[in-house]
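Worksheet: one structure, shown below.
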Amino acid sequence: AAADAPSDAVLLDRWRLMRNYILRRLSLLPRAVARAALAGLDPVRFRGLARREGEVKAIEGLQDKHALSSLLEGLEELRMGIFRCSMTGQAYRTLGHALDAIPREKLRVYLECCEDLLELLRDRTDWNSKDGQAPAPLSGSYLFGREEARRAPGAILRSLQELSALASARRVKVATVDN
């Protein structure tokens, strides 16, 4: 509608993708149904609604004020991999929760470590192996198999979810297990 697109580059890419997806899906519906669905999505409908006081949390929706582009600046593997515009909403909700729960400097350090891991996986994975498993020890310059490398982005997101949950927890019970 008349709402402005976000000015943050990462959010703008995501906004364009979602806009085009919604319009494409609406074009498949009968015209009357599509018109009613589009009217339901119009932000003008929600302008007069009361909202609780305070700042909007990032988990409720990433906005320009969350400065996502500056957080991901220089982290191209993350930006074009895990947080690319076509990723699921879960990746962006996880990042929003992390922005709310973890101090920005510590989150940046975690993301830099993830960037290093993704670069290592990109450069040291045997992508052409027949079985996709880890290469034999001392078999060359490869450290990872194709299947290990494919599971890494999901593990990064799960770790970020767990860190966010720990950071926002009021109490944490630590148990040690002795092998």
Side-chain angles (χ1 to χ4, degrees), residues 3-22 41 43 46-125 134 143-179:
D4 294 330
S7 60
D8 187 277
V10 174
L11 295 178
L12 181 62
D13 284 345
R14 178 75 176 172
W15 183 83
R16 284 183 186 139
L17 179 89
M18 295 309 298
R19 178 201 59 195
N20 292 342
Y21 172 78
I22 290 169
L41 294 173
F46 305 104
R47 285 206 179 122
L49 294 178
R51 180 165 179 78
R52 74 186 138 147
E53 297 296 322
E55 190 172 318
V56 177
K57 292 184 174 187
I59 195 165
E60 295 174 10
L62 292 169
Q63 299 176 356
D64 290 336
K65 65 182 175 186
H66 296 119
L68 191 56
S69 288
S70 66
L71 180 67
L72 296 175
E73 185 177 344
L75 305 176
E76 293 307 314
E77 287 294 321
L78 276 174
R79 194 172 178 168
M80 300 307 291
I82 294 177
F83 299 117
R84 68 182 181 275
C85 65
S86 61
M87 278 302 280
T88 62
Q90 180 64 29
Y92 285 91
R93 283 190 294 280
T94 299
L95 187 57
H97 190 208
L99 281 167
D100 290 337
I102 302 172
R104 197 169 180 88
E105 301 80 27
K106 292 180 181 182
L107 179 58
R108 175 65 189 201
V109 169
Y110 174 79
L111 292 175
E112 287 172 358
C113 292
C114 292
E115 176 78 6
D116 293 340
L117 171 66
L118 290 174
E119 287 174 359
L120 186 65
L121 284 168
R122 180 194 63 205
D123 298 335
R124 304 296 298 259
T125 297
L143 297 174
F144 307 101
R146 184 177 60 231
E147 294 306 315
E148 288 176 309
R150 286 186 177 155
R151 286 192 300 265
I156 289 172
L157 282 176
R158 280 191 303 279
S159 298
L160 188 57
Q161 285 175 333
E162 291 172 7
L163 286 172
S164 301
L166 282 171
S168 61
R170 291 185 180 176
R171 293 179 59 198
V172 177
K173 183 176 180 181
V174 178
T176 58
V177 178
D178 200 11
N179 290 341

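Nothing here was measured: the structure is a model prediction, and the numbers come from that model.
Side-chain contact check for Val10 versus Phe83: every heavy-atom pair is 4.5 Å or farther apart. Inter-residue side-chain proximity for Ser168 and His97 is flagged as met; some heavy-atom pair is nearer than 4.5 Å. Side-chain contact between Leu118 and Ile156: present, with at least one pair of heavy atoms (C-beta onward) separated by less than 4.5 Å. Contact of the Ser164 side chain with the Ile102 side chain is registered, since non-hydrogen atoms from C-beta on lie closer than 4.5 Å. Between Pro6 and His66 the shortest side-chain heavy-atom distance does not fall below 4.5 Å.
One finds the CD1 atom of Ile22 at 9.5 Å from the CG atom of Leu17 (value rounded to the nearest 0.5 Å). Taken from SG in Cys114 to CD in Glu119, the straight-line distance is 11.5 Å, to the nearest 0.5 Å. With rounding to the nearest 0.5 angstrom, the CD atom of Glu115 is 9.0 Å from the CG atom of Leu72. Rounding to the nearest 0.5 Å gives a distance of 7.5 Å between CD of Glu112 and CG of Asp116. Separation of atoms OH (Tyr110) and CG (Leu107) is listed at 9.0 Å; rounding is to 0.5 Å. Of the inter-residue distances, the one linking Gln161 atom CD with Leu95 atom CG reads 11.5 Å to the nearest 0.5 angstrom.
Residues Tyr92 and Arg84 come closest through the heavy atom pair OH-O, 3.0 Å. The two residues Leu11 and Asp64 make their nearest non-hydrogen contact at CD1-N, 3.9 Å. Of all non-hydrogen atoms in Leu157 and Thr94, the two that sit nearest each other are O-CG2, 3.8 Å. Considering every non-hydrogen atom in both Asp100 and Lys57, the closest pair reads OD2-CB, 3.2 Å. The two atoms that bring Met87 and Ile82 nearest to each other are CG-O, 2.7 Å, heavy atoms only. Of all heavy-atom pairs spanning Ala98 and Leu160, the tightest one is CB-CD1, 3.8 Å.
The backbone N or O of Leu68 sits less than 3.5 Å from a side-chain atom of Asp8, completing a donor-acceptor pair.
Counted by atom type alone, Thr125 and Arg150 present zero donor-acceptor pairs between their side chains at under 3.5 Å.
The stretch residues 72-81 participates, sequence neighbours left out, in these salt bridge (Lys or Arg N to Asp or Glu O under 4.0 Å) pairs: Glu77-Arg122.
Residues Glu105 and Arg108 are not paired through a salt bridge, judged by the lack of any N-O separation under 4.0 Å between the basic side chain and the carboxylate.
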